[in-house]
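Below, chains carry the letters A, B, ... as their sequence lines are ordered, and counting in each starts from 1.
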2 protein chains.
Amino acid sequence: MINLKNTLFEKKLKVTPQRLKVLEAVYNISHPTAEDVIKYIRKRYFDIATGTVYKILETFVEKGLIKKITTDKDIIRYDGILKPHHHLYSLEGNLIKDYIDEELDKILQEYFKHKKISDFEITEISLQIKGKFNK
Amino acid sequence: MINLKNTLFEKKLKVTPQRLKVLEAVYNISHPTAEDVIKYIRKRYFDIATGTVYKILETFVEKGLIKKITTDKDIIRYDGILKPHHHLYSLEGNLIKDYIDEELDKILQEYFKHKKISDFEITEISLQIKGKFNK
DNA sequence: TTCTTAAAAGAGAATAATTCTCATTTAAGA
DNA sequence: TCTTAAATGAGAATTATTCTCTTTTAAGAA
Ligand SMILES: [Mn+2]
Ligand SMILES: [Mn+2]
Ligand SMILES: [Zn+2]
Ligand SMILES: [Zn+2]
């Protein structure tokens, strides 16, 4: 259980009710959209302007408190899990699940220690695994 | 050099000038947006309605002639390369480059032949490699 | 080679996701 | 408590995409 106030404070961000709840939302929802975050806050706490949520999410990404994840939709999704990890994408619906696999990470790390990509400096590697969830 | 007409014909798609040029565009532009495709066609050939391009792109995806690729922007990008491959994403700009590495593919294939993911059937695995292009 | 017709394309309005502008409020430090 | 830069809110604007409806056309039938 992380202290949200302190998380903001450490990044020199003003501690506002809106920021606290947006952070809580992204930590509690799996790969939420901005809309998901807005619903989460409005249902539980208070009304909040959509522009405020978009602004806060962007700020958090810049400060490294959250990440964006990639999708093939015209919609942005966020991730509260900072540790590099992989994602399982449903080919049918919109479901995205985390996939954590340290053995795989070691294999990849080892592979790219030797194999260099010309003119490119790797920061982060993640797998996109597309397929079907068997309910 | 592929025969575009025949590609459409084989998928039982009516061969229209618009479809031929959209297909050509996706094959010739690296990871284009719908807007990129529209510009490509308007500059070289003829005017085309934006709705037509979106519709055609969607049809091509359904028929497996092209793929969507994932981004962390609210914009959809397409890929004319059907063979599974990986992508290098620039952390700064919008640049996305293909990364093809058969040795790596073998390693992954071997790894996931044994390692099963519970309740998930893998269709396709691709790496997202984020980092910096050294121009 | 016409003729027919279902499918495709086009124009433009509608919707969805995100960003912007500017007035008001507020966190935080003096 | 006071001050003020920064954050929020309301709503308009912009951007990407989809939809609706009319017109055009590819392709097979006659
Ligand atoms: Mn949209
Ligand atoms: Mn947008
Ligand atoms: Zn995740
Ligand atoms: Zn590609």
Side-chain angles (χ1 to χ4, degrees), chain A residues 3-26 29 31-42 45-63 65-66 68-78 94, chain B residues 3-26 29 31-42 45-63 65-66 68-78 94:
Chain A
N3 183 333
L4 298 175
K5 278 190 200 187
N6 212 55
T7 304
L8 293 178
F9 186 78
E10 282 169 4
K11 295 289 183 180
K12 302 192 200 318
L13 291 171
K14 253 197 203 177
V15 177
T16 68
Q18 290 82 355
R19 282 180 173 165
L20 288 170
K21 298 313 181 191
V22 169
L23 196 53
E24 177 190 315
V26 178
I29 310 170
H31 312 113
T33 62
E35 203 51 49
D36 293 334
V37 170
I38 291 166
K39 279 193 192 131
Y40 180 99
I41 296 171
R42 289 190 180 156
Y45 302 110
F46 44 73
D47 195 22
I48 187 168
T50 67
T52 301
V53 171
Y54 279 99
K55 189 100 209 353
I56 290 175
L57 287 167
E58 192 52 44
T59 303
F60 287 178
V61 170
E62 278 163 16
K63 293 285 181 177
L65 286 177
I66 65 176
K68 291 186 182 183
I69 66 168
T70 66
T71 73
D72 61 7
K73 305 273 157 48
D74 76 319
I75 190 168
I76 297 172
R77 286 185 177 274
Y78 299 86
N94 273 31
Chain B
N3 183 333
L4 299 175
K5 277 190 200 186
N6 211 55
T7 304
L8 293 177
F9 186 77
E10 282 168 4
K11 295 289 183 180
K12 304 192 200 316
L13 291 171
K14 251 197 205 177
V15 177
T16 67
Q18 291 82 355
R19 283 182 172 162
L20 288 169
K21 297 314 181 191
V22 168
L23 196 54
E24 177 190 314
V26 179
I29 309 171
H31 312 112
T33 63
E35 202 51 49
D36 293 334
V37 170
I38 291 166
K39 278 193 192 130
Y40 179 99
I41 295 171
R42 288 190 179 156
Y45 302 110
F46 44 73
D47 195 21
I48 187 169
T50 68
T52 300
V53 171
Y54 279 99
K55 189 95 209 358
I56 290 175
L57 287 167
E58 193 51 42
T59 303
F60 286 178
V61 170
E62 278 162 16
K63 293 284 180 177
L65 287 178
I66 65 177
K68 291 186 182 183
I69 65 167
T70 66
T71 72
D72 62 6
K73 306 273 158 48
D74 77 317
I75 190 167
I76 297 172
R77 287 186 175 274
Y78 299 86
N94 272 31

Just the rounded figure in Å: distance from [atom2] of [N] to [atom1] of [X].
{"X": "A:Arg77", "N": "C:dA16", "atom1": "CZ", "atom2": "P", "value": "16 Å"}
{"X": "B:Lys21", "N": "C:dA8", "atom1": "NZ", "atom2": "P", "value": "19 Å"}
{"X": "A:Asp72", "N": "C:dA17", "atom1": "CG", "atom2": "C1'", "value": "16 Å"}
{"X": "B:Glu58", "N": "C:dA9", "atom1": "CD", "atom2": "C1'", "value": "17 Å"}
{"X": "A:Leu20", "N": "D:dA7", "atom1": "CG", "atom2": "P", "value": "13 Å"}
{"X": "A:Lys73", "N": "D:dT18", "atom1": "NZ", "atom2": "P", "value": "11 Å"}
{"X": "A:Lys11", "N": "D:dA7", "atom1": "NZ", "atom2": "C1'", "value": "19 Å"}
{"X": "A:Lys55", "N": "C:dC22", "atom1": "NZ", "atom2": "C1'", "value": "14 Å"}

Side chain to side chain donor-acceptor pair (under 3.5 Å) involving A:Thr33 - partner list, sequence neighbours excluded: A:Asp36

Could you write out each protein N or O paired with an N or O of nucleotides 28-30 of chain C at a distance under 3.5 Å?
from	atom 1	to	atom 2	distance (Å)
C:dA28	OP1	A:Val15	N	2.6

Close side-chain approach of B:Tyr40 to B:Pro32, heavy-atom, < 4.5 Å: no

Candidate list B:Thr52, B:Leu8, B:Thr7, test side chain to side chain contact (heavy atoms under 4.5 Å, CB included), partner B:Arg19, passing option: B:Leu8

Distance test, side-chain N/O of B:Tyr54 to OP1/OP2 of D:dT18, below 4.0 Å: no

Residue whose closest nucleotide on DNA chain D lies nearer the 5' end, A:Gln18 versus B:Ile75: A:Gln18

Residue whose closest nucleotide on DNA chain D lies nearer the 5' end, A:Lys12 versus B:Ile76: A:Lys12

Minimum-distance pair of heavy atoms, taken over all atoms of A:Ile76 and B:Lys73: CG1-C, 3.9 Å

Listed nucleotide nearest any side-chain atom of A:Ile56, set C:dA9, D:dG9, D:dT8: D:dT8

Residue B:Asp74, side-chain atoms from C-beta onward, closest of C:dG10, D:dT17, C:dT18: C:dT18

CZ/B:Phe9: more than 12 non-hydrogen atoms of other groups inside 6.0 Å: no

Set of salt bridge (Lys or Arg N to Asp or Glu O under 4.0 Å) partners for B:Lys68, sequence neighbours left out: B:Glu58

Strand partner of C:dG29, provided both Watson-Crick or wobble distances fall under 3.5 Å: D:dC2

Side-chain donor/acceptor of A:Lys21 to backbone N/O of A:Ile41, under 3.5 Å: no

